[in-house]
Amino acid sequence: MASVVLERSRKKRLEQGHPWIYNNEIASVEGSPEPGDLVNVVNHQGRYLATGYYNPASQITVRVISYHPVETMDRAFFAERFRGCLEHRERFLKGDNAYRLVYGEADFLPGLIVDRFDDVLVVQLLTLGMDVHRTDIVDALVEVLSPQGIYERSDVPVRELEGLEQTKGPLYGECPRHVTVTENGLFVKVDIEEGQKTGYFFDQRENRASIAPLMTGWGGRSGITLQEVEQDGERVSLPVNKSGKVVTFPYWDGATVLECFSHTGSFTLNACKYGAKKVTCLDISQHAIESARENVVLNGFEDRVEFVVADAFQYLRDQVKGVEERRQRAAGNEEKVDTSKKMTAGGGRTWDVVILDPPAFAKTKSAVKGACRGYKDINLHGMKLVNEGGYLVTASCSYHMRPDLFLATIQEAAADAGKILRLIEWRAAGKDHPQILGVDEGHYLKFAVFEVRSRA
């Protein structure tokens with residue numbers, strides 16, 4: 001087997017668990033490896049460090065698959081790795097039939113993603129080293145999981161950095177376009193052909209469930225309390241409003257919720273499951289909203305959800321303008337607004353809980369500055385729309401937006417909005433997205449829940 005000899009002066013990331021070796025870290029290559037071949041990685045003294053696959057056309061020239069010698073990546077190799085992946089998911093995700101089965105580097109299979117949607121698997125082959133083994137990968141998946149079908153979603157630009165074309169289509173068996181799975185006890189219909197990435201984002205599974213405590217405990221704000229009431233000759237505890245009338249709406253104690261960037265409506269579904277009174281589900285994509293609507297109907301929540309197709313940035317700004325104009329009118333400030341005229345700003349709504357789960361704003365290091373402006377904008381306007389003492393649920397999936405920078409950006413937004421934020425919860429990706437220490441690229445997801453209070 002050929003060997004890659006590392007520079008003496010390189011940073012020792014490999015010894016700390018990082019599986020990538022860049023071309024500028026390589027002193028020489030001993031032998032004549034073909035692109036996609038396995039190579040041994042040795043230090044400048046010739047000491048063995050790892051085995052990985054080789055691609056001289058990529059800036060990441062070697063991606064490590066093992067810290068012990070491996071002779072070949074064949075069907076048996078992949079089957080063994082897939083069994084380990086399956087064991088991990090079955091240990092931590094009991095009862096779910098959908099999850100990320102293979103998470104690239106974190107499962108010691110760099111460049112490979114496999115998502116499980118019940119009996120259908122969706123794979124992404126992101127690198128040349130994995131692409132040349134697609135037959136072995138498919139055969140091993142069939143051996144370990146016996147799926148109905150395997151569909152490829154390698155239609156991602158990152159493949160072009162490896163000298164590969166984007167591609168998608170069925171690889172094995174029958175692959176229906178839509179698959180219905182369960183997550184957190186909810187039904188989710190997934191479009192594996194046209195949905196974003198592989199069709200669904202599993203990384204927020206536990207985070208979506210974590211909003212449960214925020215969804216109830218709001219009835220008292222509107223004057224509804226539980227009281228002993230005579231009913232059918234018995235004294236029973238029922239919700240009663242300020243007028244003394246029994247409230248029959250079952251979700252009287254629930255929160256009003258706004259979910260922006262809803263995609264398939266996953267946070268909306270969890271909000272309804274845990275008792276939300278009314279949810280506004282918003283996305284700029286009509287296709288996404290139709291997907292969310294189907295999922296809401298599938299779970300029987302349609303009476304509590306309204307759908308909005310709009311740009312989240314503009315929608316939040318419009319609501320804030322409306323809120324500010326209403327306040328000026330209520331204060332009777334004639335110098336700022338003529339209260340005899342109709343309101344010029346639209347919106348003016350507020351919610352108990354505002355959820356912001358946007359796509360990545362910073363896909364490169366150079367985009368971080370612009371991303372900070374974007375995150376500050378949506379969080380500033382989002383927290384202004386949270387009712388006093390309510391909650392802002394906010395996330396970032398941009399790896400280049402480091403956790404400290406993300407929190408600093410939100411703090412700046414809070415200062416400008418005149419808000420005090422209390423951090424209630426801080427989370428990362430779920431258990432089917434494990435993280436290897438030393439591989440910062442895997443620590444991409446930041447998820448936070450803040451209580452929002454006004455300074456004044």
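Both backbone and side-chain heavy atoms feed into the values below; hydrogens, waters and symmetry mates do not.
- With hydrogens and angles disregarded, a donor-acceptor distance shorter than 3.5 Å links the side chain of Ser58 to the backbone of Ile60.
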message: Would Leu93 and Arg205 count as a side chain to side chain contact (heavy atoms under 4.5 Å, CB included) here? Give the steps.
response: CA-CA 10 Å; Leu93 300 171; Arg205 175 199 317 270; 3.7 Å; yes
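- Nearest heavy atom pair, residue Ser222 against residue Lys242, reads O-CE, 4.0 Å.
- A 4.5 Å side-chain heavy-atom check between Leu121 and Pro147 finds at least one atom pair inside the cut-off.
- Residues Leu445 and Arg427 form no side-chain contact, since every pair of their non-hydrogen atoms from C-beta on lies 4.5 Å or further apart.
- A ring pair (Phe, Tyr, Trp, His ring centres under 6.0 Å) check over residues 149-188, counting only residues at least two apart or in different chains, returns nothing.
- Under the rule for a side chain to side chain donor-acceptor pair (under 3.5 Å), the partners of Glu160 that lie at least two apart in sequence or sit in another chain are Gln166.
- With Asp432 contributing its side chain and Arg100 its backbone, the two residues share a donor-acceptor pair below 3.5 Å.
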task: Would you sort out whether Leu109 and Met130 count as a side chain to side chain contact (heavy atoms under 4.5 Å, CB included), showing the intermediate values?
output: CA-CA 9 Å; Leu109 290 166; Met130 285 297 169; 4.1 Å; yes
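- In this structure, CG on Leu298 lies 14.0 Å from CZ on Arg293, to the nearest 0.5 angstrom.
- The shortest heavy-atom contact between Val190 and Gly199 is CG1-O, 3.4 Å.
- Among residue pairs with one or both ends in residues 413-456, those qualifying as ring pair (Phe, Tyr, Trp, His ring centres under 6.0 Å) are Tyr103-His433; sequence neighbours excluded.
- There is a side-chain donor-acceptor pair under 3.5 Å between Asn387 and Thr350.
- Formation of a donor-acceptor pair under 3.5 Å by the Asn207 side chain with backbone atoms of Ala428 is found in this model.
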task: Start with the C-alpha gap between Arg177 and Asp191, add the side-chain angles, then the distance that decides, and say whether salt bridge (charged side-chain N to carboxylate O under 4.0 Å, His left out) holds.
output: CA-CA 6 Å; Arg177 175 173 173 176; Asp191 184 344; 2.9 Å; yes
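- Using a 3.5 Å distance cut-off with no hydrogens or angles, the side chains of Lys189 and Ser291 do not pair a donor with an acceptor.
- The closest side-chain donor-acceptor pair between Glu162 and Thr127, if any, does not fall under 3.5 angstrom.
- Looking at Ser266 and Thr264, their side chains never bring a donor and an acceptor atom within 3.5 Å of each other.
- Of the candidates Leu421, Leu380, Leu405, Leu421 is the only one forming a side-chain contact (heavy atoms from CB on, under 4.5 Å) with Ile410.
- Between the side chain of Lys278 and the main chain of Glu306, no donor-acceptor pair closer than 3.5 Å is present.
- In summary, the side chains of Gln314 and Asp311 do not present any donor paired with an acceptor at a separation below 3.5 Å, with no hydrogens or angles considered.
- Between the side chains of Gln227 and Thr225, at least one donor N or O sits under 3.5 Å from an acceptor N or O.
- The side chain to side chain donor-acceptor pair (under 3.5 Å) search around Glu206 returns none, not counting sequence neighbours.
- A salt bridge is defined here as a Lys NZ or Arg NE, NH1 or NH2 lying under 4.0 Å from an Asp or Glu carboxylate O, and Glu451 with Arg422 meets this definition.
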message: Could you walk me through whether Val354 and Val393 satisfy the side chain to side chain contact (heavy atoms under 4.5 Å, CB included) test, starting with their C-alpha distance in whole Å, then the side-chain angles of each, then the deciding distance to 0.1 Å, before giving a yes or no?
response: CA-CA 6 Å; Val354 172; Val393 179; over 6 Å; no
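- Glu25 and Arg13 are joined by a salt bridge, as a carboxylate oxygen and a charged side-chain nitrogen come within less than 4.0 angstrom of each other.
- Salt-bridge formation is not detected for the pair Asp96/Arg89: no Lys NZ or Arg NE/NH1/NH2 atom is positioned less than 4.0 Å from an Asp or Glu carboxylate oxygen.
- A donor-acceptor pair is defined here as one N or O able to donate and one able to accept, closer than 3.5 Å; no such pair exists between the side chain of Arg402 and the backbone of Asp404.
- The 12-atom threshold is exceeded at CZ of Arg455, counting heavy atoms of other residues, nucleotides or ligands nearer than 6.0 Å.
- Closest non-hydrogen pair, Tyr391 versus Val386, comes out as N-CG1, 3.3 Å.
- Using modelled atom types, one side-chain atom of His381 and one backbone atom of Asp377 make a donor-acceptor pair closer than 3.5 Å.
- With Glu425 contributing its side chain and Val449 its backbone, the two residues share no donor-acceptor pair below 3.5 Å.
- Between Tyr375 and Phe361, the two ring planes are tilted [angle within 30° to 60°].
- Val309 places none of its side-chain heavy atoms less than 4.5 Å from the side chain of Asp283.
- A donor-acceptor pair shorter than 3.5 Å cannot be found between the side chains of Gln124 and Ser154.
- A cation-pi arrangement is absent between Arg63 and Tyr53, since the terminal nitrogen or guanidinium carbon is not both under 6.0 Å from the aromatic centre and inside a 45° cone about the axis.
- Separating the OG1 atom in Thr280 from the CD atom in Gln319 is a distance of 8.5 Å, to the nearest 0.5 Å.
- Checking Trp20 against Glu441 by side-chain atom types alone, no donor-acceptor pair falls below 3.5 Å.
- Heavy-atom minimum distance, Cys281 versus Gly265: SG-CA, 4.3 Å.
- Between the side chains of Glu183 and Tyr99, no donor-acceptor pair of N or O atoms lies under 3.5 Å.
- If you take CZ on Arg304 and OG1 on Thr256, they are separated by 13.0 Å, rounding to the nearest 0.5 Å.
- Proximity of Tyr200 to Asp115: side-chain heavy atoms (C-beta onward) are nowhere separated by under 4.5 Å.
- In terms of heavy-atom proximity, Met215 sits nearest to Ala276 at SD-CB, 3.8 Å.
- Under the side chain to side chain donor-acceptor pair (under 3.5 Å) criterion, Arg134 pairs with Asp131, Glu152, not counting sequence neighbours.
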query: Step by step, would you call Trp252 with Leu226 a side chain to side chain contact (heavy atoms under 4.5 Å, CB included)?
result: CA-CA 11 Å; Trp252 60 271; Leu226 286 173; 3.8 Å; yes
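- Residues Lys384 and Glu324 meet the side-chain proximity criterion, which asks for heavy atoms closer than 4.5 Å.
- Counting only heavy atoms from C-beta outward, the side chains of Thr268 and Val296 approach each other to under 4.5 Å.
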task: Show your reasoning for whether salt bridge (charged side-chain N to carboxylate O under 4.0 Å, His left out) applies to Glu15 and Arg10.
output: CA-CA 11 Å; Glu15 289 87 339; Arg10 69 185 170 87; 2.7 Å; yes
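- Of the inter-residue distances, the one linking Ser396 atom OG with Asn379 atom CG reads 9.5 Å to the nearest 0.5 angstrom.
- Under the 3.5 Å distance criterion, with hydrogens and angles disregarded, no donor-acceptor pair is assigned to the side chains of Asp253 and Thr216.
- Within the structure, ring pair (Phe, Tyr, Trp, His ring centres under 6.0 Å) contacts touching residues 254-290 (residues at least two apart or in different chains) are Phe201-His263.
- Contact of the Asp416 side chain with the Lys376 side chain is registered, since non-hydrogen atoms from C-beta on lie closer than 4.5 Å.
- Looking at every heavy atom in both residues, Glu194 comes nearest to Arg153 through N-NH1, 3.9 Å.
- Residues Asp352 and Val257 have side chains not in contact (no heavy-atom distance under 4.5 Å, counting atoms from C-beta outward).
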